[in-house]
Amino acid sequence: MLLPALIILAMLLLRLLVGELRHLGSTHQQWLFLRNRAALIAGAVAFVLTAGAGWVVAKTGVLLWAVLIGLLVAFIADRLSKAETPTRPSGQ
């Protein structure tokens, strides 16, 4: 049960490494979502719900999946909040 989650985690880390090698500083930009309070709350809720529901079936095997799901939800929530924020024209 943990092997697929570990493979996904390794793929995400490789993606970060390759992105950092191509564009220095891109990893820092990718992890800025951890400073968005609303995104972190959404990720924490997803983590708790996944871990709680999965605990009945898989016990500790679900925790890595819950962490991955929580991070993904927080990342998406951060991107959506940035997309909804209107930008003001300069000079106003």
Side-chain angles (χ1 to χ4, degrees):
M1 175 136 187
L2 287 178
L3 185 61
L6 289 172
I7 290 171
I8 291 171
L9 183 63
M11 288 172 44
L12 290 172
L13 290 174
L14 283 173
R15 181 176 178 241
L16 279 173
L17 274 168
V18 170
E20 183 66 23
L21 289 174
R22 288 184 181 168
H23 307 286
L24 292 177
S26 65
T27 302
H28 178 70
Q29 292 294 329
Q30 290 285 329
W31 288 97
L32 280 179
F33 74 94
L34 292 175
R35 295 180 185 233
N36 183 339
R37 182 176 293 209
L40 283 179
I41 291 171
V45 168
F47 168 80
V48 168
L49 291 175
T50 304
W55 189 264
V56 176
V57 177
K59 300 288 183 210
T60 58
V62 77
L63 291 180
L64 181 58
W65 283 107
V67 168
L68 287 172
I69 290 169
L71 286 173
L72 179 62
V73 167
F75 183 79
I76 291 171
D78 179 60
R79 296 298 168 152
L80 288 175
S81 70
K82 288 179 182 175
E84 293 174 359
T85 305
T87 56
R88 291 185 177 166
S90 60
Q92 288 186 350

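Below, each value reflects all heavy atoms present in this structure, side chains not excepted, and no hydrogens, waters or symmetry copies. Numbers for residues simply follow the sequence, beginning at 1.
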| message | Under the salt bridge (Lys or Arg N to Asp or Glu O under 4.0 Å) definition, can you give me all pairs with a residue in residues 54-79, not counting sequence neighbours? | response | D78-K82

| E20 and L16: CA distance, side-chain angles, deciding distance, side chain to side chain contact (heavy atoms under 4.5 Å, CB included) verdict | CA-CA 6 Å; E20 183 66 23; L16 279 173; over 6 Å; no

| How long is the span from the CG atom in L68 to the CG atom in L63, to the nearest 0.5 Å? | 11.0 Å

| said: Rounded to the nearest 0.5 Å, what separates atom CG in L13 from atom CD1 in I8? | reply: 12.0 Å

| said: For residues 2-45, which residue pairs pass the ring pair (Phe, Tyr, Trp, His ring centres under 6.0 Å) check, not counting sequence neighbours? | reply: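 Residue pairs with at least one partner in residues 2-45: W31-F33, F33-F75.
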
| request: Could you note down all residue pairs passing ring pair (Phe, Tyr, Trp, His ring centres under 6.0 Å) where residues 45-71 supplies at least one of them, sequence neighbours left out? | output: none

| task | For L49, enumerate each residue passing the side-chain contact (heavy atoms from CB on, under 4.5 Å) test, keeping only those at least two apart in sequence or located in another chain. | result | V45

| message | The criterion is side-chain contact (heavy atoms from CB on, under 4.5 Å); which residues satisfy it with A58, sequence neighbours excluded? | response | M1, V62

| query | Are V48 and V73 grouped together when hydrophobic residues (ILVMFWY) are joined by side-chain heavy atoms under 4.5 angstrom apart? | reply |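 Different hydrophobic clusters.
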
| request: Examine I76 and L40 and state if one hydrophobic cluster contains both, with Ile, Leu, Val, Met, Phe, Trp and Tyr joined whenever side-chain heavy atoms are less than 4.5 Å apart. | output: no

| side-chain hydrogen bond (donor to acceptor under 3.5 Å, both in side chains) with S26: which residues, sequence neighbours excluded? |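 Applying side-chain hydrogen bond (donor to acceptor under 3.5 Å, both in side chains) to S26 gives none.
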
| query | Taking all atoms of both residues into account, what is the closest heavy-atom pair of N36 and S81, and its distance? | reply |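 For N36 versus S81, the nearest heavy atoms are ND2-OG, 3.2 Å.
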
| message | Show the nearest heavy-atom pair for residues A77 and A42, with the distance to one decimal. | response |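 Heavy-atom minimum between the residues: CB-CB, 4.1 Å.
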
| task | Could you tell me whether the side chain of L12 reaches within less than 4.5 Å of the side chain of L71, counting heavy atoms only? | result |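 The answer is no; the side chains never approach within 4.5 Å.
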
